[in-house]
Amino acid sequence: MTLETLISTLETAKFDVYLNEAPNGTACPYLVVQDLEHPNFFADNRTFAKTTAVRLRLVESEVHDWSLIATLEQTLDSLSLPYSSTDAALPSEHVCESYYDINFYGGIKNA
């Protein structure tokens, strides 16, 4: 699995995808790929297990579109990616967000 494969699959599912942050004025809904980390397990000057952690942030207007969330989750399921999610409402900004945390065990290529 590559980061490019993840992004292109999300784009094929009709999501607007941005790395790190969306440009100002971007219309909802959109996805942001952020927090790319590599919390590898290592000991004795050697990396024993590679891991890449990615957070997807789905930004929607006002209220959740549950069919959109179902599409996102089906897309992640089609890639066999385990994920956990949390939701947040930001009434002062007139948006709601869903965060999807994904761990790629064995690392992710080109990341």
Side-chain angles (χ1 to χ4, degrees):
M1 168 69 64
T2 65
L3 188 58
E4 289 80 11
T5 300
L6 173 61
I7 292 171
S8 67
T9 303
L10 291 168
E11 289 173 338
T12 300
K14 306 294 185 217
F15 288 98
D16 291 329
V17 182
Y18 301 94
L19 289 174
N20 299 318
E21 65 181 72
N24 287 338
T26 301
C28 295
Y30 59 87
L31 273 171
V32 178
V33 178
Q34 61 188 80
D35 296 339
L36 196 61
E37 298 177 351
H38 303 281
N40 295 333
F41 174 76
F42 56 91
D44 300 327
N45 295 324
R46 181 173 172 215
T47 300
F48 286 97
K50 293 182 180 182
T51 304
T52 299
V54 175
R55 172 168 270 192
L56 298 179
R57 181 171 58 105
L58 174 64
V59 181
E60 302 173 87
S61 298
E62 304 286 334
V63 295
H64 287 298
D65 177 347
W66 297 110
S67 63
L68 183 69
I69 289 173
T71 300
L72 174 57
E73 292 180 358
Q74 288 169 358
T75 303
L76 296 175
D77 290 341
S78 75
L79 293 169
S80 299
L81 293 175
Y83 57 86
S84 61
S85 65
T86 56
D87 296 319
L90 304 169
S92 63
E93 297 181 27
H94 305 290
V95 298
C96 56
E97 298 178 339
S98 298
Y99 297 92
Y100 288 82
D101 294 312
I102 303 167
N103 288 312
F104 296 89
Y105 297 104
I108 185 171
K109 298 176 184 173
N110 301 326

>> Has E97 got a side-chain atom pairing as donor or acceptor with R57's backbone, closer than 3.5 angstrom?
In response: no

Determine, using the 4.5 Å side-chain heavy-atom cutoff (strictly less than), whether [X] and [Y] are members of one ILVMFWY cluster.
X: F15; Y: V54; answer: yes
X: Y100; Y: I7; answer: yes
X: I69; Y: L76; answer: yes
X: L68; Y: Y83; answer: yes

> Heavy-atom count around E11 CD within 6.0 Å, excluding the residue itself: above 12?
Replying inline: yes

To the nearest 0.5 Å, tell me how far [X] [atom1] sits from [Y] [atom2].
X: Y99; Y: S85; atom1: OH; atom2: OG; answer: 12.5 Å
X: E62; Y: L90; atom1: CD; atom2: CG; answer: 11.0 Å
X: T5; Y: L10; atom1: OG1; atom2: CG; answer: 10.5 Å
X: T86; Y: R55; atom1: OG1; atom2: CZ; answer: 5.5 Å
X: L3; Y: T52; atom1: CG; atom2: OG1; answer: 9.0 Å
X: L79; Y: L6; atom1: CG; atom2: CG; answer: 6.5 Å

>> Using side-chain heavy atoms (C-beta onward) and a distance below 4.5 Å, is V33 in contact with L56?
In response: yes

> Given Y30, which of V17, D16, L58 fulfils the side chain to side chain contact (heavy atoms under 4.5 Å, CB included) condition?
Replying inline: D16

> For the side chain to side chain contact (heavy atoms under 4.5 Å, CB included) test, which of P29, C96, C28 pairs with S61?
Replying inline: C28

I need the minimum non-hydrogen distance between [X] and [Y], along with the two atoms involved.
X: E21; Y: V32; value: N-CG1, 3.7 Å
X: D65; Y: E60; value: N-OE1, 2.7 Å
X: A13; Y: T71; value: O-CG2, 4.3 Å

